[in-house]
Every structure is written in structure tokens, then in C-alpha cells.
Amino acid sequence: MYHHIKKLMYTVRVDEPDVRFGNMLLEQFGGANGELAAAMQYTIQGWSCDDDQRRDLLMDIGTEEISHLEVVGQLIRMHMKPMKKKLAAAEEEPLVALTGGGGLNLLNSMGNPWTANYLKISGELEVDLRNNIAAEARAKITYERLMHLTDDRGSKDALQFLMTREITHMKAFTAALDSLGLKPFSIGKLPPTPGVVDDYYNDSAHE
Ligand code: MN
Ligand code: MN
């Protein structure tokens, strides 16, 4: 069961709206490493998880990602606002202006629709947790790159908050993986073939 609280997780402020930057932020809204992908990946994993404690963690973080989606969405709306009235601003991102009226749609920064193909859901907890650690690393670096592309103080503050939370999630998923008490590199049930598993090839040698 879900409840919506009419309050943002982080209060958003945009000092100087920038349509082009708003469009880039769509990458974290409807993009491959964006907030909807994170929310869906962890939530669907959580619904399939038989372990109560790890399920709880997946649901907590999956739900927080929806709150991030809401924050990114508000940020995008504020940056996109000028395109509702100004032709020059609409011309910067005509797809968003014409199909969405300057509002939100589940697109990435190139206008491609969101797809469930972005999700990594394996049905095996230790594999999913590794997927999630990698997903958090990708989200973190995307926020960092976005922060380099704007001078807007309000936007930077919100992105700093979101970037920081992804590190918190990475720590939580790492702790969950460690808590499974598995031997290093133990994935699934079948052991690898002794000997073969310790072979390393120098397969990219100079002539
Ligand atoms: Mn997030
Ligand atoms: Mn996260």
C-alpha cells in the first residue's frame, strides 16, 4: 500500500531556469540510470524477495527512489517553465514543448521513452544486490556530471542531496550483501570447476 505525502523529500529551488539543462535532467527522470528505473528495479526485486529483512530494505530504498523521482521532476518543471510562453525557449527542446507542453514525460534526455529493459532483476538476492550497488554507482556519477553542467545554485543543492543519497544506498546494499555471509565470489549454488576457475590468460599480448 502506498501513501503520498504532499511534501517534497528535498525542497527544490531554481534560481535561473535553463530549458537545455532541464532537458538534460530528464536523464535522471526517464533515463537508463534514472530514478524511475531505480524505483522499479528495487521495488520489483523487493516484491519477489522471500527474506523479510532484505525485502524491507529493497522496499525502503525503492520507495525513496520515487521520492527522488518527484524531486527531479519538480526541478525539471522549473527549468522547463519558460518554454510554455517563449518561442525561443520552446525551440531549445521542441519535443518536450510540443508533446508535453513543457511538462513531464517519461523520456530520457534524447527523447527516448522509458523502458523496462533498463531494469536488472535476476530473482537471486546476491545477484540483485550486486546489480543495485552498480546502479547506485551509475546514478552517483550521472548526478556528479549534471552538477558540473550547471552554475545554478538551487539546482546544485538539490543534485548534491540526491547524489549523496545514492552513496547512502550503495552503502546499505553493500551491507546487505555482506550480511548474507557468503564466501567471496560465491554466486548461486553450483561451485565453479576447480583449476579452471584459477586460470588467467594473457590474451591481449603485444606481438
Ligand atoms: Mn535516487
Ligand atoms: Mn539510490
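Counting convention: from 1, in listed order, for ligands and their atoms alike. As a basis for the values below, the full set of heavy atoms in this structure was taken, side chains included, without hydrogen atoms, waters or symmetry mates. This chain uses plain numbering: 1 for the first residue, then up along the sequence.
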Tightest non-hydrogen contact, residues Gly30 and Trp114, listed as O-CD1, 3.5 Å
* Can you tell me if an N/O/S atom from Glu136 lies under 2.8 Å from the Mn ion (ligand 2)? -> yes
Which atom of Glu35 is nearest the Mn ion (ligand 1), counting N, O or S only? It is OE1
Next on the checklist: Less than 4.0 angstrom from a charged side-chain N to a carboxylate O is my criterion; do Lys140 and Glu144 meet it?
Outcome noted: yes
Practice item. Compute whether any side-chain donor of one residue and acceptor of the other, for Asn131 and Gln45, lie under 3.5 angstrom apart. Key: no
Exercise for the section: Please work out whether the ring planes of Phe161 and His68 are parallel, tilted or perpendicular, with thresholds of 30° and 60°. Expected result: perpendicular
Looking at Glu65, the N, O or S atom sitting nearest the Mn ion (ligand 2) is OE2
Step by step, would you call Arg55 with Asp51 a salt bridge (charged side-chain N to carboxylate O under 4.0 Å, His left out)?
CA-CA 6 Å; Arg55 178 189 171 102; Asp51 174 316; over 6 Å; no
Test side-chain contact (heavy atoms from CB on, under 4.5 Å), reference Asn108, set Gln28, Met24, Glu27, output is Glu27
Checking distances from the Mn ion (ligand 1), one finds that the N, O or S atom of Glu166 closest to it is OE2
Check your understanding: Can you tell me if an N/O/S atom from His68 lies under 2.8 Å from the Mn ion (ligand 1)?
Key -> yes
Is the distance between the Mn ion (ligand 1) and the nearest N/O/S atom of Glu64 smaller than 2.8 Å? no
Checking distances from the Mn ion (ligand 2), one finds that the N, O or S atom of His169 closest to it is ND1
